[in-house]
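We're numbering straight along the sequence, starting at 1.
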Amino acid sequence: MKVLIYNELDPKTIPGFAKLQTFLENDDFKSAEVKKVGDNLYRARLNQRDRLLFAHYRYQEQSYALILEFIKNHAYHESRFLRQVSTIDEAKIPVIPSAQMNDAAALVYLNPQQHRFNLLDKIISFDDRQQAIYDLQPPLIVIGSAGSGKTALTLEKMKHAVGDVLYVTQSAYLVNNARDLYYAHQYDNPEQQIDFLSFQEFLESIQVPAGKPVSFPLFQHWFNRHRQGPVLKDAHKLFEEFRGVITGPATDKSWLDRDDYLALGVKESIFLAEERDAVYDVFEKYREFLQDNQLYDPNILSHQYLQQIQPRYDFVVVDEVQDLTNIQLYLILKSLHHSRDFLLCGDSNQIVHPNFFSWAKVKSLFYRQDDLQTGDELIRILNTNYRNSPQVTEIANRILKIKNLRFGSIDKESHYLVESNGHNQGEVLFLQDTTEIRRELDNKTKASTQFAVIVMSAEQKPAAQQHFGTPLIFTIQEAKGLEYENIILYNFLSQEEARYREISKGVAAADLQHDLKYARGKDKTDKSLEIYKFYINALYVALTRAIKNLYWLESQPKQPLLDLLGLGEAQASLQLASQNSSLDAWRLEAHKLELQGKQEQAERIRSEILKQKTPPWQVIDAAFLPALKQKALDGNDKNARIMLFEYALVYEDLDIINSLLKADFKAAKQPDKGLQLLQQKHYSIYSFKKPDAVLKQTDQYGTDFRNVFNQTPLMVAAWMGSTEVIKALFDLGADTEKVDSNGLTAFQIALAQSDRSEAYAKKKLADIYPQLEPTSMSIQVDGRLVKLDKHHMEFFMLNLMIALFYRVMPHKLHYRIEGFTTQDFIDAIQHLPASILPERRKQRAYLSSILAKNETGKDDKHNRKLFYRVMRGAYIFNPKLAIKVEGEWVNIYDLLSIDKLVPQYEARQDWWRADFNAYREKSMAACKVDLKRLIAEKRATE
């Protein structure tokens, strides 16, 4: 067995390491006292007190022990990798003999020259080129193809940064994925404060703009109603001209004026010189459209924000930089304290919008801007592909060669071939687009989440949807960032045959036998150079979405480009086994696509595959509740009173119960009995050990459907403490950010239940906490977005304070406005297990410091301004605090209703008593008025 060491460990600081390493290398597990303590987790004995944790893997018939962690003094409960393992009693675990160490997991790749490994969500072994880049210091630009490992390399390099760090990219989905990879296995670096932001969130972190960003669908809807003449008929082309040419490249102005735009060279615009006047006319109307509809253009806003941006980061990582414009990149880099402390990564071959990105322009940005001085040797290239099969990679390389031969190079960095590591074998099948082949492909693949269809444009979608039953049909713009085991490329060339014939001109098959050569394009007056590059890039991106197999159908198979790709002869028949995916797999696919903004495909999955429908009941939400109250209290409707009473029990709304008592509704006199009947009537299926009954409902209505009380299944499961239901819903992608009628998420509901029940806190919460806890929380203070990651104690305390608002605040409004104190937090967390909150975070001094550090007006670099101090040691929410709820900003006191605060007795058994003391009720009402006045005054002040 060979021994590899996690790069975060220093063997010199581990007593007895060399001796133990020798035991492991000699397969002497008896002397090492190896014991299994988790799933592919083993501990070995260093000495009487200390242990070493390792995993067992195999690569190319060689066995490896991967050393993960040094555990001091038997402190297994502090292990990063054993958080979910119950208490370990070493005396009861037998030593594992070497003969039993045969169940090693397989590694996809391991560099035998490296004695160390890295770790994100899985084991990472850098090849020699990756390791060389990993060892470099910033500034740095990493160029790599899809599947080259550039994101993993980038995230690992981030771990060396100290201070305030920013990871930013265009895609919100990629941001969340990168964040989860970074913090996998409970990684923590106390020397860092990291913001994982989409570019939209980065803009909001400077100042939350009025209105919403303009999206292509909004632009297309407007343009289709106003377009004139046959010249300007392509909405995508025009939208990208606005983004990539008129507003994006310049850093000294928000947009090019008409004269500057008309004076651009042939290769600087998608449109011909004689078309540009008409383009600029539409651009002027576009600006009016933005203003009239409270929309903004991110490029124009980025330029405006140059005047507001302040240096605040010590290190910046920009991922998929090719998706950003010059002005956006410049704004990001202006947030650095020192201009050299950055890492950019991307791949210009994956541009599917003609936005004129080039690495040369990125380098020019550094040279032109005095405040972005950097070294000359910035760029490094990764060209080994660890994702696509060699067969797909070979075709992709031919496309890159054709692109190079036909158009030359703007810069050397944009042109390189990809090397496949060859572990993932597949095939490329070129097929005649016939009824028989389409029918067989459709019948065998439409029920599988592993097959997706890609077309060039939105105009082709209806034809593809006629022939293929799968919901997974994408245009090339929609397909970027996705990957599927199998891709069906449908009439990609035939619909644009003339353009692809033009692309193939002057390129011979013999030319493709040579490596790429750096050379400028021969014809600098080629009027369509950039738009042709879009089509060749689109083909490259479409092909590389296929991890394993590519099925390429063309109705016109005799095309020069296909001959150049070695696909001249189309197959007339196809032998393919039927492929089927489970409904659970389709649910997960719908959830993933929704997160990536592919709403159309997600909705088709839910309606066509999952057959989900709208629930038949009326949901009691904010819009319906007033009518229900009137019907129940004024109309004396018995059914309405029962429904209102049940609603009040769910939301602990004593004000409603008191109103029902005054209306002589007898059931309101026995709320305890009412709660039992309520749970039997509406929630009995959540008490079953197996989640099948709940999942049957989600099959019908979707994972996040609302019950009659405006709760999602995840909220109900959190309220009931239904562990297995929560885990099943989590696996199906249940949304943790949705809120109920009290403004609480499922996570906050679970925190509230833990405060109410010691048994819930001790026995249930640890099991369900990882599934309910969101990765972050977006708040707005002083007009700026702040993203609280779940690693921050501020995240926990803000969520807990929201969870306890209706329970704690009534006790703080008897005679004067008081607020949450440190003792309130101590009372709520005293029974929480250490796996959720370590003992150091439960200490009074620590809790008090978090409250004090985040007071409004407190002078602290990392003050989130969450709390307003109403008196010494007593806090309420900052009245100006807003939270992003289901994509919209909501003030905290609009989310949580002060009107719902009612007097509550201290004794828990008397909680439901309705004979409220009149004096206390009167005092409460006066305090609520004072609180509302205070909040209004603070919200109004600048």
Just so I know, are the side chains of Leu813 and Asp930 near enough to count as touching, which here means a heavy-atom distance under 4.5 Å?
no
Taking ring-ring contact (aromatic ring centres under 6.0 Å, His included) as the criterion, tell me which of Phe242, Phe219, Phe216, Phe223 meets it with His236.
Phe216
State whether the number of non-hydrogen atoms from other residues, nucleotides or ligands found under 6.0 Å of Gln308 atom CD is greater than 12.
yes
Describe, in one word, how the ring planes of Tyr893 and Phe877 are oriented to each other, choosing from parallel (under 30°), tilted (30 to 60°) and perpendicular (over 60°).
perpendicular
Report the C-alpha distance between Val321 and Leu329 in whole Å, list the side-chain angles of each, state the deciding distance to 0.1 Å, and finish with yes or no for side chain to side chain contact (heavy atoms under 4.5 Å, CB included).
CA-CA 8 Å; Val321 69; Leu329 178 57; 4.1 Å; yes
Inspect the surroundings of NE2 in His338 and state if more than 12 heavy atoms from other residues, nucleotides or ligands are less than 6.0 Å away.
no
With the side chain counted from C-beta on, respond yes when Thr151 and Asp319 share a heavy-atom pair under 4.5 Å apart, and no when they do not.
yes
With a 4.5 Å limit on heavy-atom distance, are the side chains of Phe202 and Ile332 in contact?
yes
Considering all heavy atoms of both residues, which atom of Ile826 and which atom of Lys842 are nearest to each other, and what is their separation?
CG1-O, 4.4 Å
Just checking Phe805 against Phe820, ring centres under 6.0 Å apart?
no
Do the non-hydrogen side-chain atoms of Gln310 and Arg312 ever get within less than 4.5 Å of each other?
no
Checking side-chain polar atoms at under 3.5 Å, does Glu855 have a donor or acceptor matched by the opposite partner on Tyr875?
yes
Side-chain ion pair, Arg287 and Asp297, N-O less than 4.0 Å
no
Salt-bridged, Asp755 to Arg807, with N to O below 4.0 Å?
yes
Do Leu197 and Val175 have side chains that get closer than 4.5 Å, going by heavy atoms?
no
Using side chain to side chain contact (heavy atoms under 4.5 Å, CB included), reason through Trp255 and Tyr280 one step at a time and then give a plain yes or no.
CA-CA 11 Å; Trp255 57 78; Tyr280 207 86; 3.6 Å; yes
How long is the straight-line distance from CG of Leu837 back to CG of Leu832, given to the nearest 0.5 Å?
6.0 Å
Nearest 0.5 angstrom please: Leu238 CG to Ile246 CD1, how far?
7.5 Å
When every non-hydrogen atom of Ala172 is compared with those of Ser198, the smallest separation belongs to CA-CB, 4.0 Å
Output yes when Asp740 and Arg706 qualify as a salt bridge under the 4.0 Å nitrogen-oxygen rule, no when they do not.
no
Quick one about Asp860 and His862 (side-chain donor to acceptor, distance below 3.5 Å, no hydrogens or angles considered), yes or no?
no
Are the side chain of Gln170 and the backbone N or O of Asp323 linked by a donor-acceptor pair below 3.5 Å?
yes
If you count the non-hydrogen atoms of other residues, nucleotides and ligands that lie under 6.0 Å from CD in Glu191, is the total more than 12?
no
Would a distance-only check, ignoring hydrogens and angles, find a side-chain to backbone donor-acceptor pair under 3.5 Å from Asp704 to Ala734?
no
Is the CD atom of Glu284 crowded by more than 12 outside heavy atoms at less than 6.0 Å?
yes
With distance as the sole test, does Asn863 use its side chain to make a donor-acceptor pair with the main-chain N or O of Asp859 at under 3.5 Å?
no
Check step by step if salt bridge (Lys or Arg N to Asp or Glu O under 4.0 Å) holds for Lys932 and Asp899.
CA-CA 10 Å; Lys932 286 183 178 180; Asp899 287 329; 2.5 Å; yes
Looking only at heavy atoms, which two atoms of Thr745 and Glu737 are closest? And how far apart?
CG2-O, 4.0 Å
Interatomic distance, Arg258 atom CZ to Asp281 atom CG [nearest 0.5 angstrom]
4.5 Å
His337, NE2: over 12 other non-hydrogen atoms inside 6.0 angstrom
yes
Distance-only polar pair, side chains of Tyr261 and Glu241, donor-acceptor under 3.5 Å:
yes
Distance from Leu290 atom CG to Tyr296 atom OH, nearest 0.5 Å?
11.0 Å
Shortest non-hydrogen contact from Ile309 to Leu306?
CG2-O, 3.5 Å
With rounding to the nearest 0.5 angstrom, report the CG to CE distance, Leu772 to Met715.
11.0 Å
So that I can tick it off, tell me whether Glu794 and Lys853 are bridged by a salt bridge, with the cut-off set at under 4.0 angstrom between side-chain N and carboxylate O.
yes
OG1 (Thr325) and CG (Asn299) are apart, to the nearest 0.5 Å, by 3.5 Å
Decide side chain to side chain contact (heavy atoms under 4.5 Å, CB included) for Val142 and Leu140; before the verdict, give the C-alpha distance in whole Å, the side-chain angles of both, and the deciding distance to 0.1 Å.
CA-CA 6 Å; Val142 179; Leu140 189 60; 4.0 Å; yes
Check for me whether the distance between the ring centres of Tyr187 and Tyr182 falls short of 6.0 Å.
yes
Passes side chain to side chain donor-acceptor pair (under 3.5 Å), Gln823 versus Asp827? Steps please.
CA-CA 6 Å; Gln823 187 60 48; Asp827 291 342; 2.7 Å; yes
May I ask you to decide whether Glu818 forms a salt bridge with Arg816, counting only side-chain N to carboxylate O separations under 4.0 Å?
yes
Does the pair Ser741 and Asn710 meet the rule for a side chain to side chain donor-acceptor pair (under 3.5 Å), with working shown?
CA-CA 6 Å; Ser741 293; Asn710 200 27; 3.1 Å; yes
Table please: side-chain donor-acceptor pairs of residues 773-784 below 3.5 Å, with sequence neighbours left out.
residue: Asp782; atom: OD2; partner: Lys865; partner atom: NZ; Å: 2.6
residue: Arg784; atom: NH1; partner: Ser205; partner atom: O; Å: 3.0

With a 4.5 Å heavy-atom cut-off, do Val318 and Phe199 have their side chains touching?
no
Please determine whether a side-chain nitrogen of the Lys or Arg among Arg179 and Asp195 lies less than 4.0 Å from a carboxylate oxygen of the Asp or Glu.
no
Correct closest heavy-atom pair for Leu336 and Ser339 would be CD1-O, 4.0 Å
Any side-chain heavy atom of Asp260 within less than 4.5 Å of one from Lys253?
yes
Trace of the side chain to side chain contact (heavy atoms under 4.5 Å, CB included) decision for Val245 with Glu240
CA-CA 8 Å; Val245 178; Glu240 294 305 333; over 6 Å; no
So Leu934 and Ile876, do their side chains get closer than 4.5 Å, heavy atoms only?
yes
Could you point out which residue of Phe196, Tyr313, Phe315 forms a ring-ring contact (aromatic ring centres under 6.0 Å, His included) with Tyr167?
Phe196
Could you give all pairs that pass the salt bridge (charged side-chain N to carboxylate O under 4.0 Å, His left out) test and reach residues 159-168, with sequence neighbours left out?
Glu156-Lys159, Asp164-Lys861
Do the side chains of Lys787 and Glu204 get close enough for a salt bridge, i.e. N-O under 4.0 angstrom?
no
Give the minimum heavy-atom separation between Met793 and Tyr846, together with the two atoms involved.
CB-OH, 3.3 Å
Side-chain (Tyr806) to main-chain (Ser897) donor-acceptor, under 3.5 angstrom:
yes
